[in-house]
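Data first, discussion second: the structure below is written as structure tokens.
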Amino acid sequence: GLIFEDCENGVSNGYAYPGPPTQARSAAAAYNGAYGYQVTGNLIGGGVGFNSSYANANGVVDATGAVSLRFWVKSDVNITFQVDWYEAGATGAPVAGGDGEAWVSNNVNVTGGSGWQQIVLPLSTFVEEIYNGACNPSYLSPGPCGTTGNNTPNLSAVNKIQLKYTLGTAASVQYDDFEFVLGTQPSPTVTRTPFIGSYNQVFDDIESPLSLNQSVMPKMAAGYADT
């Protein structure tokens with residue numbers, strides 16, 4: 001996959017809102033590598049987010065061609081959250097094709113005490129986030145992004161991931177390896193189909209003494225070929 005954040009280089013611009021949960025890079029939160037992402041505290045009604053330490057010069061990760069978002073999570077209590085990914089830029093001021101829109105997943109339910117779980121979210125199931133202050137300051141449905149944005153997920157301009165909690169009290173949650181899974185095109189398979197019919201007849205196989213200019217070279221199998 002295409003890594004958005006694995007915390008190995010730190011957590012880029014990590015934040016929590018409205019304040020109860022805390023978030024940090026932590027060795028104790030690692031599923032893979034040396035570090036993971038630790039979220040602790042009263043989660044309900046709050047959230048956390050971060051940019052990517054792998055962003056390019058435009059401040060984004062170009063996930064063009066991705067079909068899903070994948071990551072690992074572990075919690076000590078049952079939690080429910082949604083995942084947002086944000087485009088860079090703003091309406092009228094695009095960056096790398098992004099115009100500030102955000103896209104939100106369905107609910108993700110995690111069973112507490114069940115160890116590490118891999119979550120795979122098809123990007124086709126994300127819908128535009130109306131609670132996106134960058135393009136919908138008044139939070140009206142469908143919001144300014146519904147009329148002034150391009151209403152298209154611009155995966156060339158992913159610049160933030162945010163986790164929004166809808167269920168979870170005091171919790172200790174670990175995350176690791178947020179990555180976009182790129183789609184693959186199947187390789188064409190060549191199938192040789194023999195022609196069967198009344199016209200499937202040999203014109204000349206060069207084996208007959210009547211064939212002109214017989215030669216033993218070149219040949220593909222036992223027998224003769226014309227030169």
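Formation of a donor-acceptor pair under 3.5 Å by the T152 side chain with backbone atoms of N150 is found in this model. A donor-acceptor contact shorter than 3.5 Å links the side chain of E87 to the backbone of D99. N51 places no side-chain N or O within 3.5 Å of a backbone atom of G14 that could act as its donor or acceptor partner. Here the side chain of Q38 pairs no donor or acceptor atom with the backbone of S26 at under 3.5 angstrom. Remark: the backbone N or O of A96 is not paired with any side-chain donor or acceptor of N58 at under 3.5 angstrom. The backbone N or O of Y37 sits nowhere less than 3.5 Å from a side-chain atom of Q174 that would complete a donor-acceptor pair. Checking side-chain atoms of N132 against main-chain N and O of G100 turns up a donor-acceptor pair under 3.5 Å. A donor-acceptor pair under 3.5 Å is absent between the side-chain atoms of S156 and the main chain of G97, judged by distance alone.
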Task: Chi angles and distances behind the side-chain contact (heavy atoms from CB on, under 4.5 Å) call for E128, N151 - done: CA-CA 7 Å; E128 188 165 357; N151 306 121; 3.1 Å; yes
TODO: Could you walk me through whether F71 and D176 pass side-chain contact (heavy atoms from CB on, under 4.5 Å), step by step?
DONE: CA-CA 6 Å; F71 57 93; D176 206 356; over 6 Å; no
Task: V173 vs V73, side-chain contact (heavy atoms from CB on, under 4.5 Å): CA-CA, chis, key distance, verdict - done: CA-CA 7 Å; V173 189; V73 59; 3.8 Å; yes
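Side-chain contact between L69 and I161: present, with at least one pair of heavy atoms (C-beta onward) separated by less than 4.5 Å. Two residues are said to be in side-chain contact when any heavy atoms from C-beta on lie closer than 4.5 Å; V61 and L2 meet this criterion. Within the 4.5 Å cutoff, the side chain of Y17 has heavy atoms near those of the K164 side chain. Taking the side chain as every heavy atom from C-beta outward, Y54 and I3 approach each other to under 4.5 Å. Counting only heavy atoms from C-beta outward, the side chains of L43 and I79 approach each other to under 4.5 Å. You'll find the side chain of V158 reaches within 4.5 Å of the side chain of F4, heavy atoms only. V39 is not listed as a side-chain neighbour of T22, based on a closest heavy-atom distance of 4.5 Å or more.
Hydrophobic clustering (ILVMFWY, side-chain heavy atoms < 4.5 Å, transitive): V77 and L163 are in one cluster.
Going from atom CD of E101 over to atom CD of E129 covers 11.5 Å, rounded to the nearest 0.5 Å. W85 contributes atom CH2, which lies 7.5 Å from atom CG of L123 (distance to the nearest 0.5 angstrom). The distance from atom CG of D177 to atom CG of D6, rounded to the nearest 0.5 Å, is 5.5 Å.
Applying the side chain to side chain donor-acceptor pair (under 3.5 Å) test to pairs two or more places apart or on separate chains, those with a residue in residues 68-77 are R70-E179.
With sequence neighbours excluded, the residues forming a ring-ring contact (aromatic ring centres under 6.0 Å, His included) with Y175 are F81, F178, listed by chain and number.
Here the rule is side-chain contact (heavy atoms from CB on, under 4.5 Å) with Q162, and of D84, V83, V48 only D84 fits it.
Looking at every heavy atom in both residues, Y165 comes nearest to G47 through CD1-CA, 3.9 Å.
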Cut-off 3.5 Å, no hydrogens considered: what does the side-chain donor-acceptor table look like for residues 114-122, sequence neighbours left out?
unit_1, atom_1, unit_2, atom_2, d
S114, OG, T111, O, 2.6
S114, OG, Q117, NE2, 2.7
Q117, NE2, T111, O, 3.3

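Between the side chains of S12 and E5, no donor N or O sits under 3.5 Å from an acceptor N or O.
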